[in-house]
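One structure is given here, and the rest of the page talks about it.
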Amino acid sequence: MENEQNTSSQESASAEDQSVAPSTQPASAVDVILASGSPRRRELLEREGVEFSVRVSEVDETLEPDLLADPPEAAKKLAERKAGAVVQEVLSGDYTGMAAILGADTMVVCEGEIFGKPASLSDAKRMLRRLAGTTHEVITAVSVWLVAAPEPDQVSLGFRTFVDSAAVTFHELSDDQIVEYLRKGESFDKAGAYAVQGAGADLVKHVQGDLDTVIGLPVKRLLEEFPDLKTSLA
């Protein structure tokens, strides 16, 4: 599997009353919180030596029609919802200190259709049949919320969201090959019904872009844009 230059990327920034830069406090003071229960995202951060905790909050992932028609914006919105929900939980506990809360969302997009996690075995088969022998896009949005709270009632908050994408080309697949892959049981909690870091790698002919984006977190770009997160190195 090749790993070439990213095909595209998008970025947005937003903030409340004050925008907080990661460098406003000594890096060692930053509490990194991953707002995701994904073991793949945890592994990617651990691979880079980042120290972090995990805090997951349930959010509504329903998308309005206009967002369904714009997958990058949809992924950004969901990443922001996930991180924002954890920010609210953290601040409701009279938090003090400096924190970076990371939310992420990954989407598989085939001919303009967003493929989420399959709802059933037949849905997983449908997705893999559509992906077979074609090139599709995998989009991962990352939203980083920066919190500075020297006192519980003195809070500055800002966030920035970026999108990274990769193009994934599948081999031609027979129905028997699809059924054999589905028997491995790794499809049902994965967008697009496959795991490129698992047995699903055998389905993939070529990846153009960052493989970590396909797995679920473009961690190298994350650390380039937020270098203070590297202070959590052991």
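The analysis underlying the following values was restricted to heavy atoms, covering all of them including side chains, and did not include hydrogens, waters or symmetry mates. Index from 1, following the sequence. Everything numeric in this text was worked out from a predicted model, so none of it was measured.
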Students often mix this up, so state it plainly: with edges at 30° and 60°, are the rings of Phe170 and His136 parallel, tilted or perpendicular?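 Ring orientation of Phe170 relative to His136: perpendicular.
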Which pair of heavy atoms, one from Tyr194 and one from Val138, lies closest together, and at what distance? OH-CG2, 3.6 Å
Show the nearest heavy-atom pair for residues Ala83 and Ala35, with the distance to one decimal. CA-CB, 4.1 Å
Counterpart residues, salt bridge (charged side-chain N to carboxylate O under 4.0 Å, His left out), relative to Glu64 (two or more places apart):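 Checked Glu64 against salt bridge (charged side-chain N to carboxylate O under 4.0 Å, His left out); matches are Arg81.
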Please identify each residue that fulfils salt bridge (charged side-chain N to carboxylate O under 4.0 Å, His left out) with Glu113, with sequence neighbours left out.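 In terms of salt bridge (charged side-chain N to carboxylate O under 4.0 Å, His left out), with neighbours along the sequence ignored, Glu113 is linked to Arg126, Arg130.
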For [Y], does its backbone N or O pair with a side-chain atom of [X] as donor and acceptor, under 3.5 Å?
| X | Y | answer |
| --- | --- | --- |
| Arg160 | Trp145 | no |
| Lys82 | Ala104 | yes |
| Gln177 | Ser174 | yes |
| Glu80 | Thr161 | no |
| Arg55 | Leu34 | no |

Can [X] and [Y] be counted as having a side-chain donor-acceptor contact under 3.5 angstrom?
| X | Y | answer |
| --- | --- | --- |
| Thr140 | Thr106 | yes |
| Ser36 | Ser38 | no |
| Glu186 | Tyr181 | yes |

Determine whether Val56 and Val54 make a side-chain contact, defined as any pair of heavy atoms from C-beta on separated by less than 4.5 Å. yes
So if I apply the salt bridge (charged side-chain N to carboxylate O under 4.0 Å, His left out) rule between Arg221 and each of Asp212, Asp210, Asp164, which one comes out positive? Asp164
Find out if a path of hydrophobic residues (ILVMFWY) with successive side-chain heavy-atom gaps under 4.5 Å connects [X] to [Y].
| X | Y | answer |
| --- | --- | --- |
| Leu211 | Leu45 | yes |
| Leu203 | Val179 | no |
| Leu91 | Val59 | no |

Starting at CG of Leu102, measure out to CZ of Phe52 and round the result to the nearest 0.5 Å.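 One gets 9.0 Å once the value is rounded to the nearest 0.5 Å.
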Rounding to 0.5 Å, atoms NZ (Lys117) and OG (Ser187) come to a distance of 13.0 Å
Heavy atoms of other groups near Glu111 CD, more than 12 under 6.0 Å: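 No, CD of Glu111 has 12 or fewer neighbouring heavy atoms, counting only those of other groups under 6.0 Å.
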Answer yes or no: is there an ion pair linking Glu73 with Lys76, defined by an N-O contact shorter than 4.0 Å? yes
Can you name the one residue among Val90, Ile101, Asp31 that meets side chain to side chain contact (heavy atoms under 4.5 Å, CB included) with Val147?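 It is Ile101, the one option of Val90, Ile101, Asp31 that forms the side chain to side chain contact (heavy atoms under 4.5 Å, CB included) with Val147.
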